[in-house]
2 protein chains.
Amino acid sequence: MKVIRRLTGQTKAQMEARATVMKALAHPSRLFIVDELSRGERCVFELTEMIGADVSTVSKHLAVLKAAGILIDDKRGAQVFYRLRVPCILNFFGCVEAVLEEVGRHNVSEAS
Amino acid sequence: MKVIRRLTGQTKAQMEARATVMKALAHPSRLFIVDELSRGERCVFELTEMIGADVSTVSKHLAVLKAAGILIDDKRGAQVFYRLRVPCILNFFGCVEAVLEEVGRHNVSEAS
DNA sequence: TCATCACTTGGCAATATAGCCAAATCATAA
DNA sequence: TTATGATTTGGCTATATTGCCAAGTGATGA
């Protein structure tokens with residue numbers, strides 16, 4: 001029998017779960033946070049300074065990443081330090097850069 | 001001197017470029033498409049059947065993936081076949097699944 | 001206890017995304 | 001040329017996301 005893959009049931013649930021993680025990573029500030037945390041933990045204030053947005057905005061970005069399972073928070077006194085929960089997240093960017101290089105190559109050669 | 005990373009200039013542009021790629025992947029149907037195309041090229045109609053949405057909706061998802069540099073389209077007669085431009089996209093999912101497993105483990109053990 | 005620092009949460013307006021239908025293209029067959 | 005099948009595009013509404021300000025919470029120090 002021929003098996004036809006469909007976006008239903010288990011497949012659908014799996015793709016929705018993956019999309020949650022991808023969505024959490026689909027924002028410049030959040031990508032910056034992940035990149036920065038690859039160098040070690042940082043508190044909210046440090047990240048806020050670097051990003052240059054309101055601290056409430058940064059706090060919400062961190063909450064999104066945490067909800068997706070990408071970050072862990074560690075409250076120490078009045079400060080909250082965040083770090084990567086799953087460091088392999090960084091492997092993403094090698095491929096993302098490869099895509100971007102392809103795009104660049106294409107745009108140059110076609111002068112679109 | 002101490003170098004402080006900031007989300008400005010080149011860094012900002014880089015993160016925005018990455019976010020474009022991640023955003024393109026941040027949707028269940030588009031993730032399904034990428035997964036399906038890892039098995040070989042497919043035309044719009046085939047994908048539409050599998051996804052079960054309007055063909056115009058699927059066409060727009062494909063346009064998003066193409067614009068991000070993830071897919072290539074190949075017009076043959078009246079049909080358009082899509083395939084992955086950068087197969088390493090698939091490496092993503094190993095890590096995404098690792099995140100999801102962590103999340104699962106956490107939720108079970110904490111019974112949140 | 002009160003003030004302050006570090007952060008989170010609520011609320012809101014601006015913007016972006018998703019999905020459907022209808023209409024437009026474009027290739028091919030009659 | 002006309003009809004048909006495959007796909008894209010325009011337009012519109014519903015929904016989601018973003019980012020700021022203001023207010024709330026919690027720890028620490030005076």
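Interatomic distance, CG of B:Leu84 versus CD1 of B:Ile33, reported as 10.5 Å (0.5 Å rounding). Interatomic distance, A:Cys43 SG to A:Asp73 CG, rounded to the nearest 0.5 Å: 13.0 Å. Between the CG atom of B:Leu65 and the NE2 atom of B:His27 there is a distance of 10.5 Å, given to the nearest 0.5 Å.
Atom NE2 in B:His61 sits roughly 15 Å away from atom P in D:dT9 (whole-Å rounding).
With sequence neighbours left out, A:Lys75 forms a side chain to side chain donor-acceptor pair (under 3.5 Å) with no residue at all. Evaluation of the salt bridge (charged side-chain N to carboxylate O under 4.0 Å, His left out) rule for B:Glu49 yields no partner, not counting sequence neighbours.
Put simply, the side chain of B:Val86 does not reach to within 4.5 Å of the side chain of B:Ile70, judged on heavy atoms. Considering only heavy atoms from C-beta on, B:Leu31 stays 4.5 Å or farther from B:Asp35 through its side chain. The side-chain heavy atoms of A:Val34 and A:Phe32, taken from C-beta on, include no pair separated by under 4.5 Å.
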Donor-acceptor contacts under 3.5 Å from residues 11-21 of chain A side chains, at least two apart:
unit_1  : atom_1 : unit_2  : atom_2 : d
A:Arg18 : NE     : B:Glu97 : OE2    : 2.6
A:Arg18 : NH2    : B:Glu97 : OE2    : 3.2
A:Thr20 : OG1    : A:Glu16 : O      : 3.0

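Using a 4.0 Å cutoff on non-hydrogen atoms, the parts of residues 26-34 of chain B near DNA chain C are B:His27, B:Arg30, ordered by number.
With a cutoff of under 4.0 Å to any heavy atom of chain A, the contacted region of DNA chain C is bounded 5' to 3' by C:dA6 to C:dG11.
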Polar atoms only, N or O, under 3.5 Å: list the protein pairs with nucleotides 5-8 of chain D and their distances.
unit_1 : atom_1 : unit_2  : atom_2 : d
D:dT7  : OP1    : B:Val44 : N      : 3.3
D:dT7  : OP1    : B:Val80 : N      : 3.2
D:dT7  : OP2    : B:Phe45 : N      : 2.8
D:dT8  : OP1    : B:Tyr82 : OH     : 2.7
D:dT8  : OP2    : B:Ser59 : OG     : 2.5
D:dT8  : O5'    : B:Ser59 : OG     : 3.2

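Only one option out of B:Arg85, B:Arg42, B:Arg83 pairs with B:Asp74 in a salt bridge (Lys or Arg N to Asp or Glu O under 4.0 Å); it is B:Arg83.
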